[in-house]
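A short write-up of the structure that comes next.
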Amino acid sequence: MQTLASSIQSFREIQRERCLYVDKTEYLHRLLLDGRAFCLYRPKGFGKSLLISTIKELFSGDKELFEKLYIHKAGWEFTRNPVISLPLSAFSSDSPQTLSEELAWELKKIADREEVLVRGVRPATLLSYLIQALDIKYRKKVVVLIDDSDEPVTRNIQDPELAFQNSLVLENFFKSLIISRDRIRFAFVTGGYRLKSLNVGDGFFKDISLSPRYAGILGISVSELYNYFKEPLSEILPLIKAESEDFPLDLEALYSELVRWYGGYSWDGEQKLIDPSSLISLLENASFGDYWSWHSFNPALAKILAKDPLILNPDATLSYDRGELEKVIFSPSVPLMYQAGVLSIVKSQTLGGKEFILDYPNLVVERGTVTAALQELTLIESAKLRRYGREFRQKAIEEGPLSLAKILEDFLQELSLASLPGGNKKKLKEVKLAIFSLLFRLAGFKVKCLPNGNLEGQMSVNDKLRLVISLRSIGASSKAPLGMRKRLLSEALNEALNLQAATPIDPGEHLKEFILIVCGKNVLGGTSNRQGSLYFRPLKKAPGE
């Protein structure tokens with residue numbers, strides 16, 4: 001079996017060590033024919049740095065490195081060009097001054113190494129002079145490669161003012177590329193988040209992030225999974241089976257599980273891709289796990305999303321055009337979740353223009369994001385939150401509504417009220433509603449928020465069983481008069497029944513419907529059949545009633 005290049009981001013080293021490499025040079029060949037300056041935005045862990053390294057070696061003139069790859073067979077002429085390669089994730093971004101100083105220092109180091117003279121102190125000025133000096137020295141146009149272009153900004157996502165000041169430094173830096181365009185042979189810029197202030201514009205750079213021609217330039221397609229990973233997956237299959245007795249015994253089942261856990265990413269709505277970092281981690285550990293949260297999730301994102309956690313229940317029927325997805329918003333929003341790799345394109349459609357429908361790409365991303373935000377909201381540790389989710393799912397499938405009610409009551413009792421907003425009763429209700437919705441998500445339910453502020457979630461267990469849960473919150477605590485609570489309970493039940501009467505049921509499908517009603521920290525549970533019969537445990541009386 002070929003060696004796995006889990007921590008190697010150098011194309012040269014991968015080829016020299018004969019590590020497993022998925023050939024993406026067909027896309028690079030296409031790029032080189034399509035133009036000379038491109039931007040590409042993808043989430044962390046998708047191999048942007050390796051792609052930059054591959055392009056760098058393309059212009060090194062070392063033809064032997066590409067001997068067995070597509071671009072060699074396509075007859076690419078391997079000529080040597082001077083290359084400026086800058087990984088912006090390597091620079092400090094504690095202040096715009098520090099960022100400027102480190103960029104300037106790196107450009108001067110490149111100039112010293114190339115034995116050319118540059119002038120100025122500002123990074124933009126130094127970059128312009130460096131491009132000019134290399135063009136004159138080698139009599140060949142320059143290749144400029146910039147990786148992780150958003151890092152100095154997104155690293156400070158919780159400090160908007162610092163993020164903005166850093167973005168101004170980078171905006172001027174990128175403008176120097178426009179000034180030097182006549183001396184540039186090829187330029188390529190990668191990033192995770194799209195930042196308005198980094199828009200180099202002027203028609204020089206072409207953004208290929210949503211181009212169907214380059215949808216598969218990063219990530220592992222299903223065909224690549226079969227072509228490149230059959231041998232290593234076959235070797236770890238016995239270890240995975242030993243770890244879980246329930247796991248299917250054949251390789252095809254392993255492929256399906258891989259797609260379910262780590263696939264679903266798309267930037268054209270058609271081609272579905274697998275997260276390469278998670279795939280490599282699976283091969284190294286011979287175990288399924290939430291590797292995405294380890295290598296790709298920005299912890300600061302959880303703090304932002306927790307400010308409006310209902311955004312974590314995306315409506316998979318709403319569509320967004322390209323302009324909406326590319327908005328620069330560092331607050332709870334669909335564009336932010338898309339750019340962070342939390343949401344991906346489910347499908348595209350043309351309705352007077354290109355539009356995209358978004359959802360979580362896979363269960364690992366969904367559960368990892370929901371758990372992080374829920375932990376931020378409740379101060380309950382992630383392992384315990386996941387246990388609540390598993391128990392909720394199991395009880396919903398195997399037991400009755402009173403078991404569900406008991407879990408929710410236990411969950412309510414454990415909430416740290418200090419972590420919830422005080423004083424504003426409306427806000428408190430919204431946050432509790434959001435917390436319940438995220439718990440449903442952890443249990444595997446697709447949740448939607450109803451116009452009246454209640455929740456409804458449904459989960460398909462198999463082809464014949466669908467579970468539907470409605471959550472109603474009544475505006476009375478356990479200390480309210482019993483008569484008031486009974487009246488509010490009756491209203492909530494009638495509302496739930498009227499809603500359920502319109503719920504479509506497929507012929508032959510077995511349906512379980514649960515209604516859960518929260519009153520203070522007490523939860524009541526009932527099951528309804530198609531005639532609307534309900535079964536609840538009695539309301540608890542408040543002390544002194």
Side-chain angles (χ1 to χ4, degrees), residues 9-13 31-32 36-40 48-62 65 78-153 155 165-191 195 197-198 200-202 204-205:
Q9 296 180 338
S10 163
F11 175 78
R12 176 176 291 274
E13 189 175 346
L31 273 176
L32 293 164
R36 61 191 176 104
F38 300 91
C39 296
L40 175 67
K48 299 187 295 292
S49 297
L50 177 57
L51 184 68
I52 287 285
S53 176
T54 307
I55 297 172
K56 180 180 178 181
E57 297 301 340
L58 268 178
F59 289 99
S60 72
D62 193 345
L65 288 175
F78 290 87
T79 56
R80 181 178 175 82
N81 287 78
V83 177
I84 300 171
S85 182
L86 296 169
L88 295 195
S89 59
F91 302 126
S92 174
S93 56
D94 296 339
S95 71
Q97 293 79 14
T98 304
L99 176 60
S100 294
E101 289 169 1
E102 293 200 6
L103 275 171
W105 178 255
E106 181 64 24
L107 292 169
K108 289 175 181 177
K109 280 173 54 181
I110 295 173
D112 289 343
R113 185 170 63 245
E114 294 287 349
E115 298 180 339
V116 296
L117 295 176
V118 294
R119 290 183 289 172
V121 293
R122 295 172 60 248
T125 304
L126 288 166
L127 180 59
S128 295
Y129 274 112
L130 180 59
I131 292 172
Q132 176 182 315
L134 292 175
D135 180 27
I136 293 171
K137 176 179 179 179
Y138 290 101
R139 297 184 180 180
K140 285 188 177 179
K141 292 186 177 182
V142 181
V143 175
V144 181
L145 307 174
I146 301 179
D147 194 19
D148 294 324
S149 63
D150 59 313
E151 273 286 321
V153 177
R155 194 182 293 152
Q165 292 301 324
N166 283 345
S167 72
L168 293 181
V169 173
L170 296 175
E171 182 177 13
N172 290 326
F173 184 68
F174 278 86
K175 282 181 180 177
S176 63
L177 294 175
I178 306 300
I179 296 171
S180 305
R181 62 195 302 169
D182 292 339
R183 297 182 182 274
I184 291 177
R185 164 66 179 86
F186 186 79
F188 197 74
V189 177
T190 75
L195 304 173
S197 58
L198 300 188
V200 291
D202 197 32
F204 180 49
F205 275 80

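Being a predicted model, the structure only gives us computed values, none of them experimental. The figures that follow rest on heavy atoms only: side chains count, while hydrogens, waters and symmetry mates do not.
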Minimum heavy-atom separation for [X] to [Y], with atom names?
X	Y	result
F205	C39	CD2-SG, 3.6 Å
A124	S176	O-CB, 3.4 Å
L50	S10	CD1-C, 4.2 Å
D148	S89	OD2-OG, 3.1 Å
S85	P87	O-CD, 3.8 Å
V169	S100	CG1-OG, 3.4 Å

Separation between [atom1] of [X] and [atom2] of [Y], rounded to the nearest 0.5 Å:
X	Y	atom1	atom2	answer
S49	F11	OG	CZ	15.0 Å
S95	N166	OG	CG	7.5 Å
F59	L145	CZ	CG	8.0 Å
R80	Y138	CZ	OH	6.0 Å
L32	R185	CG	CZ	6.0 Å
E151	I146	CD	CD1	14.0 Å

State whether the side chain of [X] and the backbone N or O of [Y] hold a donor-acceptor pair below 3.5 Å, judged by distance alone.
X	Y	value
E102	S92	yes
K140	T79	no
N81	K141	yes
T98	S93	no
T125	V121	no

> Should R36 and F204 be marked as a side chain to side chain contact (heavy atoms under 4.5 Å, CB included) after you check the CA-CA gap, both sets of side-chain angles, and the distance that decides it?
Replying inline: CA-CA 8 Å; R36 61 191 176 104; F204 180 49; 3.7 Å; yes

Under a 4.5 Å cut-off applied to non-hydrogen side-chain atoms, are [X] and [Y] in contact?
X	Y	value
L88	L103	yes
L58	F186	no
D147	L51	no
F173	L99	no
I110	V118	no

> Do other residues, nucleotides or ligands put more than 12 heavy atoms under 6.0 Å from the NZ atom of K56?
Replying inline: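 Not more than 12 within 6.0 Å, no.
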
> Got a sec: does the CD1 of I136 have more than 12 other heavy atoms crowding it under 6.0 Å?
Replying inline: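 Yes, the 6.0 Å shell around CD1 holds more than 12 heavy atoms from other groups.
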
> Partners of T54 by side-chain hydrogen bond (donor to acceptor under 3.5 Å, both in side chains), sequence neighbours excluded?
Replying inline: none

>> Going by side-chain hydrogen bond (donor to acceptor under 3.5 Å, both in side chains), name the residues that satisfy it together with E57, two or more places apart in sequence or in a different chain.
In response: R12, S60

>> Among V142, L117, L107, D135, which residue satisfies the side-chain contact (heavy atoms from CB on, under 4.5 Å) criterion with L130?
In response: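 Among V142, L117, L107, D135, the one meeting side-chain contact (heavy atoms from CB on, under 4.5 Å) with L130 is L107.
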
